[in-house]
Amino acid sequence: MTHPNDQSRMDRIVSLAKRRGFIFQSSEIYGGLNGFWDYGPLGVALKRNLKDAWWHDMVGGHDELATLPGAPTAYEMTGLDCTIIMHPQVWKCSGHFDLFHDWMIDCRESKRRYRYDHLQGRWAAHRGKRVFVTTEASGDEAGPDTVARAQKFFGLRAKQVDEIEWTGDLEPLPAAITAGVAAADVLGPDAAAPGTLTEPREFNLMFETRIGALAGDADDRAFLRPETAQGIFVNFKNVLDTSRVRVPFGIAQVGKSFRNEITPRNFTFRSREFEQMEIEFFCRPADSADWYRYWRDRRWRWYLDLGLTEGRLRLREHAADELSHYSVGTADIEYAFPFLAPGEFGELEGIAHRGDFDLRSHMEGKLVRRDGALVLETGADGKPRHKGSGKDLSYFDDITRERFVPHVIEPSAGADRGTLAFLCDAYHEDEVPDEDGKPRSRTVMKLHPRLAPVKAAILPLVKKDGMPEMAIDLYRRLKRHMACQYDEKGSVGRRYARQDEAGTPWCLTIDGQTLADRTVTLRDRDTLAQERVPVDEVVTLLRDRLASP
RNA sequence: GCGGGUGUAGCUCAAUGGUAGAGCAAUAGCCUUCCAAGCUAAAGACGAGGGUUCGAUUCCCUUCACCCGCUCCA
């Protein structure tokens, strides 16, 4: 019935998202903006419900007095909301500034892209033809590679290689260009003809901005955060000093982040402005592996409990060579989005064991891994490449009298990706008998009641005989407890269909019998089953159903 | 960033170098006693900019967006 990994199915989901007001393209009346999306009336409710569920389940409703299943011990959870723009040094020490900031150069012929500063080259000449041969190779391979490339370029046999006249040593391409080498003479690393390289362009995956109304010199430069996590690390000591929390504990944050994705694509999956739900969980180094497994399994369970189809979810442990330079272990929770090829999955959340990398970075400065250990990165002058805060971010356990830098487990979830996954997963097309008993196709969003934008619709069966009045009375009472809608327009079947598309789990219909015995019909979105319930028990009944899993 | 494709109403689609048409949805009203019935009314579009032309939604150029494939993705 459903077609996983099916583009036309994705098209219908996107179409419904637009038609019913879940998701719009940003700035659409001006032609749209690549990589930016807006949430409409239903979409904002869905996304807010997802974030609220996350916050409730991880933070607000967390029982710090109990040892939860799978957890090594009891733990505390608290929250934070930090600014999007932070001190520029935050990003220099975290590593984002260096790693997100590159000059890239494209080859129009080979369609390949290179790090500008990784290319080097030298002049070669043969029988009056002259070309600046470049290579991506480094070290001992660079020289021979340029020879091989020049040989091929001049169309020479191996024994003629000595006829090539070389001028100067290999030098970095940026330096050569600066020294006057014309781009038209440069032979790209994979090109057959010279002059195919584009101008170098600066790829900055962080959004840059300037602080102050009189933006002037480079010192004003600041960045929109590419992740919310750093704000937590930077506030680690503040939270510790003011909230009585003790290790192990977690700090949660929900907020917007920004990345200049090179290729935004696949609806909201890769947006340039997006929202994250992140936890930084601080624990004793000796227990960190256990906590990593706890959070990985806990977060996996969360998606299942909210109704994502298990067969479309995947928990993927990263291989050792895939791990970031600081990470001890990482797992991704991935979903088989319909826009992906069969067998492919897209990341919803990453759970990373980050060791003490982050807190140490903000103490000492930017770290690099050398011989298996994290050490301060230094420049040619021997000074730190990016100086840390110098503040002591270690933790003192006054029961065990131990001082240590906590290790960090980071469950980092994408709110927009999660919303998209639940949207895709909820989309169903099935058949419902119409009033003549003939099957008629319907589109229904089978969203978990906790996530559904509207929990219940209150519908008078017909617009007369006092039914609207009774319905409105119920609507007003229920509205105080949950999002609901009143609708008296058109036939009741049409109204059911409208609510199905919005994902409303329950419809309450007031009919002639209601006037006699004060019972209403409760219609279930997924099963279409109807039951009669006393109108005065509706509020309690639905609140209970909403609270139960 | 490169190559290919696509842009007409909220959605799905027509037609046309000379006033852009339909179905569905949505709106107002009538009718309607359980799964998109019917009737009436009104409303709604050629992605943007430029060029050719007496006249461009149509032809040309540019641009923006979306889709597919590469590329990239700490």
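None of these values were measured; they are calculated from a predicted model. Atoms considered below: every heavy atom in the structure, side chains included; atoms not considered: hydrogens, waters and symmetry mates. Lettering of chains follows the sequences in order, A, B, ..., and the numbering in each one begins at 1.
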Base, sugar-phosphate, or nothing for [X], non-hydrogen atoms under 4.0 angstrom?
X	answer
A:Leu459	nothing
A:Asn266	sugar-phosphate
A:Phe267	sugar-phosphate

If the [atom1] atom of [N] is compared with that of [M], how far apart are they to the nearest Å?
N	M	atom1	answer
B:G21	B:A15	C1'	7 Å
B:C46	B:U58	C1'	10 Å
B:A43	B:C34	C1'	31 Å
B:A42	B:A26	C1'	12 Å
B:A20	B:G55	C1'	16 Å
B:G38	B:U63	C1'	48 Å
B:G23	B:U8	C1'	15 Å

Worksheet item: With distance as the sole criterion, is a donor-acceptor pair present between the side chains of A:Asp511 and A:Thr509 under 3.5 Å?
Response: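 No, A:Thr509 and A:Asp511 have no side-chain donor paired with an acceptor closer than 3.5 Å.
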Worksheet item: Side-chain donor-acceptor pair under 3.5 Å between A:Glu278 and A:Thr228, yes or no?
Response: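 Side chains of A:Glu278 and A:Thr228: pair found under 3.5 Å.
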Worksheet item: Checking only heavy atoms, does the side chain of A:Tyr30 share a donor-acceptor pair with the base of B:C64 at less than 3.5 Å?
Response: no
Rounded to the nearest Å, what distance is computed from the [atom1] atom of residue [X] to the [atom2] atom of nucleotide [N]?
X	N	atom1	atom2	value
A:Leu33	B:U63	CG	P	17 Å
A:Phe36	B:C64	CZ	C1'	14 Å
A:Arg12	B:C24	CZ	C1'	16 Å
A:Glu227	B:C73	CD	P	17 Å
A:Arg265	B:G4	CZ	P	15 Å
A:Arg495	B:C35	CZ	P	12 Å
A:Phe339	B:C66	CZ	C1'	14 Å
A:Arg19	B:A26	CZ	P	10 Å

May I ask you to say whether [X] pairs ionically with [Y], meaning some side-chain N is under 4.0 Å from a carboxylate O?
X	Y	answer
A:Arg149	A:Asp145	no
A:Arg314	A:Asp332	no
A:Lys92	A:Asp98	no
A:Glu317	A:Arg296	yes

Discussion item. Under 3.5 Å for both pairing distances: what stems, at least three Watson-Crick or G-U pairs long, include RNA chain B?
Written reply: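 Only these stems qualify: B:1-7 with B:64-70, B:10-13 with B:21-24, B:27-30 with B:38-41, B:47-51 with B:59-63.
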Fill in: Ring geometry between A:Tyr335 and A:Phe337 (parallel below 30°, tilted from 30 to 60°, perpendicular above 60°)
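It falls in the perpendicular class, over 60°.
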Worksheet item: How are the rings of A:Phe282 and A:Phe236 set to each other: parallel, tilted or perpendicular (split at 30° and 60°)?
Response: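 Rings of A:Phe282 and A:Phe236: tilted, as their planes differ by 30° to 60°.
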Check whether any side-chain N or O of [X] sits under 4.0 Å from OP1 or OP2 of [N], and answer yes or no.
X	N	answer
A:Lys18	B:C11	yes
A:Arg494	B:A26	yes
A:Asn34	B:C64	no

Worksheet item: Considering only B:A25, B:C34, B:U33, which nucleotide approaches the side chain of A:Val492 most closely?
Response: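 Minimum distance to the A:Val492 side chain belongs to B:C34.
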